[in-house]
Amino acid sequence: MSPTTGNKRTTLFRTGLLGLTYATMLVGVVTGSWWVFLIGAAGSYVMDALLLHRMTGFAKTLQQVRLGITPRTLLRQLLALGLLITTPEATSTGIGLVLLAFLVLFGFQLLCGVVGRLLRNRRRLPIATRNIPLDALRIPDSPPMPFVREPMSRLLPLDIFLILGTVAYVALGAAWLTVTGAVITIGVTVIALAVFVRHYRRALTIPGEQEVMAFAQEWLDSYRPEVVLYFSGSSDSVYQVDMWLETLDRLPRRPLIVLRERTIAAQLAPTRIPVLCVPAATNLMALDFGPARVALYPANTGKNIHMLRNPSMKHVFIGHGDSDKIASINPFSKAYDEVWTAGRAGRDRYSRARVGVREDEIVEVGRPQLDEIRDDTAANSVRTVLYAPTWEGWTDDPGNTSLIEAGPTLIAKLLDAEPKVRVLYKPHPFTGIRSPEARRAHKHIVDLIARANRGGEGSEAGRGRLVELERRLAAFDMDTGARDEAHNSRLEGGAPPEAVSELKALTTEWHRVYWDGHADEEHLVVQGPRPSLYSCFNQADLLISDISSVVADFVATEKPYAITNCEGLTHGEFQDKHPTSSAAYMLSPDGAGLEEALEAIHLLEKDRLALERGELRTYLLGGPDSQTRFNAAVDDLYERGSLLRPLPSSPEAMTNIDSLAPEPS
């Protein structure tokens with residue numbers, strides 16, 4: 001059964017379960033059986049809780065078909081009234097009082113909804129920030145999150161006391177139980193309304209949109225950014241901007257990060273660089289970035305146009321990794337003033353593609369991110385093979401990924417290899433988002449590795465230390481869910497600059513403990529942000545991958561690598577088409593060629609491609625000291641960009657990142 005079919009069946013099952021609860025209540029009304037109605041009502045409340053906390057995706061689907069929490073609550077209350085009306089012992093006075101209680105409750109709930117929406121809108125600033133002091137905006141503390149996140153889904157089910165009182169009246173004839181239930185339900189709702197009103201009145205101190213944007217402009221005028229890193233993308237693409245944070249931090253120029261999506265701002269890795277997230281295009285285009293003369297773009301997205309229209313800047317596509325994929329020669333690249341590649345290979349790639357990027361618009365700057373790569377394999381008693389396939393892509397072109405056609409076969413052969421090797425499997429973060437076949441292949445590989453390990457795990461001491469480190473690393477999460485975005489932006493305005501250094505030290509320690517805590521023979525499935533890809537590079541004696549930036553980056557290690565040819569070409573044709581594979585051991589989908597690649601890591605004299613890898617490294621990545629080359633490219637472009645219009649003179653406004661930090665107490 002495919003995942004898509006499974007999702008449909010799950011949705012149908014949940015829909016049926018929810019419908020059953022209301023059908024049961026209806027049966028109770030028709031038959032006059034209060035206990036049947038009570039069973040259905042209890043089930044509906046359980047479903048409300050599950051929809052709020054566990055079935056959030058299904059809850060959104062229900063909302064789209066007009067079966068959100070409000071109509072479900074009103075329907076439950078209507079059925080409760082129906083139960084009361086069909087009870088012979090119920091008096092018209094009692095029915096009228098219950099109806100009045102429901103109407104009063106609805107009125108207070110409506111007021112809660114209105115004030116709650118006003119509160120959320122007031123506290124939702126037109127910008128989200130980090131490392132930018134927001135004291136002037138007078139942002140009060142966040143309301144309790146139940147009053148911010150899905151408040152009505154928590155408030156409406158509080159009619160449970162009134163519903164129980166109504167059922168008790170039907171069952172026992174005790175009207176006081178109905179009154180008690182009504183008082184509790186309405187009382188709690190009134191208290192919630194008072195809390196909403198209190199926090200809304202406090203939020204009135206926050207300036208409106210125009211004032212907030214005027215503040216943002218004033219801050220830009222005082223900070224005077226020189227280089228802007230601009231990024232827009234989906235929530236699962238945050239790694240594309242994260243990889244540039246440290247490189248940007250090492251620039252001699254004042255940097256600024258400009259984001260477009262709030263989810264990206266919330267997930268961005270800790271940095272001491274000022275971050276300004278401006279979701280609305282009109283607000284962004286109204287900002288004047290002053291002396292900023294260089295804009296760097298890690299990704300090609302539609303929203304880039306909102307910054308590209310700025311004529312006072314030089315716009316540069318820096319990407320998030322070089323490869324022979326068609327994405328690395330996107331014709332949209334000609335919209336930028338320059339395209340920066342790691343080495344000569346990138347220049348030749350654009351020349352062959354003829355997509356409109358001129359030779360003089362390409363600058364080779366190296367890959368500063370690769371400075372952290374080292375070789376930790378000497379301590380391993382067993383050779384390690386890293387399988388890191390790329391994702392399936394948006395099309396069904398052959399060769400997008402080896403995962404579907406060859407992945408399980410390669411892993412099975414590696415697990416049975418002699419001499420023994422350790423397998424690290426690190427799939428692309430996007431794996432399976434489009435292709436059911438990719439999801440199945442991924443699961444198959446995970447199962448193969450689990451069986452091969454036979455339940456083996458790391459040491460107890462190592463796991464305990466990892467848990468401690470993960471707890472400390474979690475403290476750096478910018479969106480813990482305990483506060484709203486405005487509160488987080490205010491707190492992040494005074495974040496201590498040493499936090500980034502602390503995070504780096506904790507991350508380094510986490511990786512050390514992780515690798516030390518696993519036996520050299522233990523196969524590992526590596527997913528998520530940790531262990532990082534480069535940390536896996538350090539552990540690997542051999543990489544098996546596809547045509548992607550992973551290969552180009554791994555070439556920096558000059559260790560053996562292999563590429564699986566799933567395009568139906570001869571190996572010679574494949575290597576002609578993809579220069580990054582020119583020093584690779586070529587594999588077929590059935591695993592042919594794997595033996596030679598494994599020999600290269602067991603016996604150095606069998607590694608016939610060592611010299612070619614050294615030459616390819618220079619071709620793909622350029623010479624050493626990439627950060628110096630990158631900085632020089634930024635400086636050169638900045639000076640040329642300064643000729644576009646004269647810089648405003650304001651020496652007293654010149655600041656740097658360190659000056660944003662609070663004075664030590």
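Because the structure is predicted, anything quoted here is derived from the model rather than measured. No hydrogens, no waters, no symmetry mates; every other heavy atom, side chains included, goes into these values. Throughout, residue positions are numbered sequentially from 1 according to the sequence presented.
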Colleague: Are R154 and D48 within salt-bridge range, i.e. N to O under 4.0 Å?
Modeller: no
Colleague: Counting N and O atoms only, with roles assigned by atom type, does the side chain of S532 sit under 3.5 Å from a partner on the main chain of S535, one being a donor and the other an acceptor?
Modeller: yes
Colleague: For L268 and L245, run side chain to side chain contact (heavy atoms under 4.5 Å, CB included): C-alpha distance rounded to whole Å, both residues' side-chain angles, the deciding distance at 0.1 Å, then the answer.
Modeller: CA-CA 9 Å; L268 191 72; L245 296 182; 4.3 Å; yes
Colleague: Please determine whether a side-chain nitrogen of the Lys or Arg among E485 and R262 lies less than 4.0 Å from a carboxylate oxygen of the Asp or Glu.
Modeller: yes
Colleague: Inspect the contact between E246 and K504 and indicate whether a charged nitrogen and a carboxylate oxygen are less than 4.0 angstrom apart.
Modeller: yes
Colleague: Show the numbers, then the answer: is there a side chain to side chain contact (heavy atoms under 4.5 Å, CB included) between L177 and L172?
Modeller: CA-CA 9 Å; L177 290 175; L172 305 175; 3.9 Å; yes
Colleague: Between the side chains of E261 and K303, is the shortest nitrogen-to-carboxylate-oxygen separation below 4.0 Å, so that they form an ion pair?
Modeller: yes
Colleague: Is there side-chain contact between M307 and Y297, with heavy atoms separated by less than 4.5 Å?
Modeller: yes
Colleague: Flag the pair I95 / V98 as yes when at least one side-chain heavy-atom distance between them is below 4.5 Å, and no otherwise.
Modeller: no
Colleague: Y45 ring centre to R76 NZ or CZ under 6.0 Å, with the angle to the axis within 45°?
Modeller: yes
Colleague: Do N283 and E209 get their side chains close enough for a donor-acceptor pair, meaning under 3.5 Å?
Modeller: yes
Colleague: Nearest 0.5 Å, what's the CG-CG distance between L74 and D159?
Modeller: 9.0 Å
Colleague: Using the ring centroid of each side chain, check whether W510 and Y514 are separated by less than 6.0 Å.
Modeller: yes
Colleague: Mind checking the CD-OG1 spacing from Q63 to T56? Nearest 0.5 Å is all I need.
Modeller: 13.0 Å
Colleague: Determine the interplanar angle of the Y239 and H428 rings, folded into 0 to 90°, and report it as parallel if under 30°, tilted if 30 to 60°, perpendicular if over 60°.
Modeller: perpendicular
Colleague: Just by distance, no angles: are the side chains of N488 and E492 close enough, under 3.5 Å, to form a donor-acceptor pair?
Modeller: no
Colleague: State plainly whether the residues R490 and D141 are in salt-bridge range, i.e. N to O under 4.0 Å.
Modeller: yes
Colleague: Mind checking whether I433 and F430 have side chains closer than 4.5 Å, heavy atoms only?
Modeller: yes
Colleague: With a 4.5 Å heavy-atom cut-off, do T507 and H511 have their side chains touching?
Modeller: yes
Colleague: Short question: side chain of T178, backbone of G165 - any donor-acceptor pair under 3.5 Å?
Modeller: yes
Colleague: Is it the case that the side chain of R130 and the backbone of A265 share a donor-acceptor pair, with hydrogens and angles ignored and the cut-off at 3.5 Å?
Modeller: yes
Colleague: Under 3.5 Å, is there a donor on one side chain and an acceptor on the other for H487 and R123?
Modeller: no
